[in-house]
Amino acid sequence: MSWMKALENYARTAPEELPKDILLSSTEHTVTVKDAYPKAMYHYLVLPRLPSSLVSSSSRISSLQSLLSGDKEDALRVVKILGDDAELAKSHILEEMRKKHGFEWDVNIGFHAVPSMDHLHTHVISSDLISPALKNKKHYNSFHPTLGFFLHLNDVLEWLTEEKLAGKLHINSAKYEGLLKTDLACFKCDEPFKQIPRLKEHLEDEWKKEKRTAVKQKAMKRVHGTDDGEAQRPAKKTKLASTDETPRTPNKLSEANKAESLA
DNA sequence: GTTCTAGAAC
DNA sequence: GTTCTAGAAC
């Protein structure tokens, strides 16, 4: 099965040899490429390059599970480096969003709990989940930001930094794979859907709605010098959605997984 | 991971 | 009759 090795090939190729249209950037330790079948408007992968001086054995970075089962300091170093470059890719995406669409929306950074392809890779993916390559339930659920299959990089960092977790961090594959069969529901409004095509229509509507709101707020800011004309009066408590990153509700399965690891 | 397609769902 | 899903791929 050669497709499983596709990412490993990227990781082993000198970045300057990679096609220009797929390479975003590279460093001593990482390479950032466009996902060949993007599941959102913007979708990149950050890979640790091979051979790697970050870990004693290359097999350590064949997967997240493998990384987590090894030395925690090694794992922490690798995840931090991937995270730094993922943040750079995210900044690039946000800039493209501003240029092309006149507003920014969320970009998620994380790992699939049970990946289909070999070699550790971090997804940097815009939260719209609008793309022709998103074709089935597995595709959608694997990037659903709160379902639990998508492991946010910051959560993985937390697992690794909690010193109590000196023991093992195990990913229960069967449990995570079960999540992929979850009934379809919009990650924004929770509305259920029976079919992928209907959900895809809905996601487009959600994105257009988000765009309208963002553009309207920008116009407000131009006129009033604030996000909202009313927000200037401190007496009136307006409940505005923060433009900053709102803390995500910790997903239950990640928490459950952590609890198991602690036990 | 994708492509293809039989047969289920509509 | 057409759309859609889900399992096989040597």
Side-chain angles (χ1 to χ4, degrees), chain A residues 1-13 15 17-19 21-24 26 30-50 58-68 82 85-86 89 93 107-145 147-153 156 171-187 190-206:
Chain A
M1 292 188 186
S2 60
W3 53 264
M4 285 195 85
K5 298 282 176 200
L7 299 181
E8 201 183 305
N9 289 339
Y10 285 151
R12 285 193 191 284
T13 304
E17 303 290 324
L18 289 169
D21 53 329
I22 77 138
L23 178 73
L24 177 69
S26 66
T30 69
V31 60
T32 304
V33 295
K34 275 186 181 159
D35 190 292
Y37 297 89
K39 302 303 188 294
M41 293 190 204
Y42 301 94
H43 189 180
Y44 291 95
L45 303 175
V46 183
L47 323 171
R49 289 174 61 186
L50 287 170
S58 292
S59 63
R60 238 342 137 216
I61 48 176
S62 64
S63 71
L64 181 65
Q65 174 58 74
S66 168
L67 187 70
L68 295 182
L82 291 174
D85 288 328
I93 291 172
V107 173
N108 292 316
I109 295 173
F111 306 91
H112 277 163
V114 187
S116 299
M117 300 180 95
D118 273 347
H119 197 62
L120 183 64
H121 53 286
T122 311
H123 293 274
V124 184
I125 182 169
S126 56
S127 63
D128 47 273
L129 300 187
I130 294 170
S131 166
L134 196 159
K135 294 178 174 174
N136 58 44
K137 182 184 271 192
K138 181 177 176 179
H139 290 158
Y140 177 75
N141 281 340
S142 72
F143 288 105
H144 188 302
L147 186 64
F149 187 90
F150 187 86
L151 305 176
H152 292 264
L153 187 137
V156 174
I171 290 176
N172 183 336
S173 300
K175 199 176 276 185
Y176 280 106
E177 277 168 343
L179 286 177
L180 295 175
K181 301 204 184 291
T182 308
D183 289 347
L184 295 173
C186 172
F187 67 90
D190 268 342
E191 182 177 344
F193 288 88
K194 285 265 162 64
Q195 299 164 317
I196 276 284
R198 302 293 88 76
L199 171 61
K200 284 169 69 80
E201 291 165 2
H202 175 81
L203 291 176
E204 298 225 15
D205 291 344
E206 286 283 9

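Lettering follows sequence order; numbering is per chain, from 1.
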A:Leu82 versus A:Phe111: any side-chain heavy-atom pair under 4.5 Å? yes

Taking distance alone, no hydrogens or angles, what donor-acceptor pairs closer than 3.5 Å link side-chain atoms of residues 192-199 of chain A to residues at least two apart or in another chain?
unit_1: A:Gln195; atom_1: OE1; unit_2: A:Arg198; atom_2: NH1; d: 3.3
unit_1: A:Arg198; atom_1: NE; unit_2: A:Glu201; atom_2: OE1; d: 3.3
unit_1: A:Arg198; atom_1: NE; unit_2: A:Glu201; atom_2: OE2; d: 3.4
unit_1: A:Arg198; atom_1: NH2; unit_2: A:Glu201; atom_2: OE2; d: 3.3

Side chains of A:Asn108 and A:Phe143: closer than 4.5 Å at any heavy-atom pair? no

Nearest 0.5 angstrom please: A:Leu151 CG to A:Leu64 CG, how far? 6.5 Å

Answer yes or no: is there a side-chain heavy-atom contact under 4.5 Å between A:Pro145 and A:His152? yes

Is there a side-chain contact between A:His119 and A:Tyr10, using heavy atoms and a 4.5 Å cut-off? no

Is there a donor-acceptor pair closer than 3.5 Å between any side-chain N or O of A:Asp128 and the backbone N or O of A:Met41? yes

Expected list for residues 124-134 of chain A near DNA chain B, using heavy atoms below 4.0 Å, is none

Within a strict 4.5 Å, meaning less than it, do heavy atoms of the A:Leu50 and A:Ile61 side chains meet? yes

Could you tell me if the side chain of A:His123 sits less than 4.5 Å from the side chain of A:Phe150, heavy atoms only? yes

DNA chain B stem ranges, 3 or more consecutive Watson-Crick or G-U pairs under 3.5 angstrom: B:2-10 with C:1-9

Could you check which residues of residues 41-50 of chain A get a heavy atom under 4.0 Å from DNA chain B? Sort them by number, please. none

Name the orientation class of the two ring planes belonging to A:His144 and A:Phe187 (parallel below 30°, tilted from 30 to 60°, perpendicular beyond 60°). perpendicular

Does any part of the side chain of A:Lys137, heavy atoms only, come nearer than 4.5 Å to the side chain of A:Asp183, both counted from C-beta? yes

Pairwise distance CZ(A:Arg49) to CZ(A:Arg12) - rounded to 0.5 angstrom: 12.0 Å

Within residues 2-12 of chain A, the residues having a heavy atom closer than 4.0 Å to DNA chain C are none

Say whether, by atom type as modelled, one donor and one acceptor occur between the side chain of A:Ser131 and the main chain of A:Pro38 under 3.5 angstrom. yes

Scan nucleotides 1-10 of chain C nucleotide by nucleotide, 5' to 3', and note B when protein non-hydrogen atoms come under 4.0 Å of the base, S if they reach only the sugar-phosphate, - if neither. ---SS-----

Report yes if the side chains of A:Asn141 and A:Phe149 come closer than 4.5 Å at any heavy-atom pair, otherwise no. no

Looking only at side-chain N and O atoms, does A:Asp85 offer a donor or acceptor that is under 3.5 Å from a partner on A:Thr30? yes

Heavy atoms only, 4.0 Å cut-off, all strands: where does A:His112 land among base, sugar-phosphate and nothing? nothing

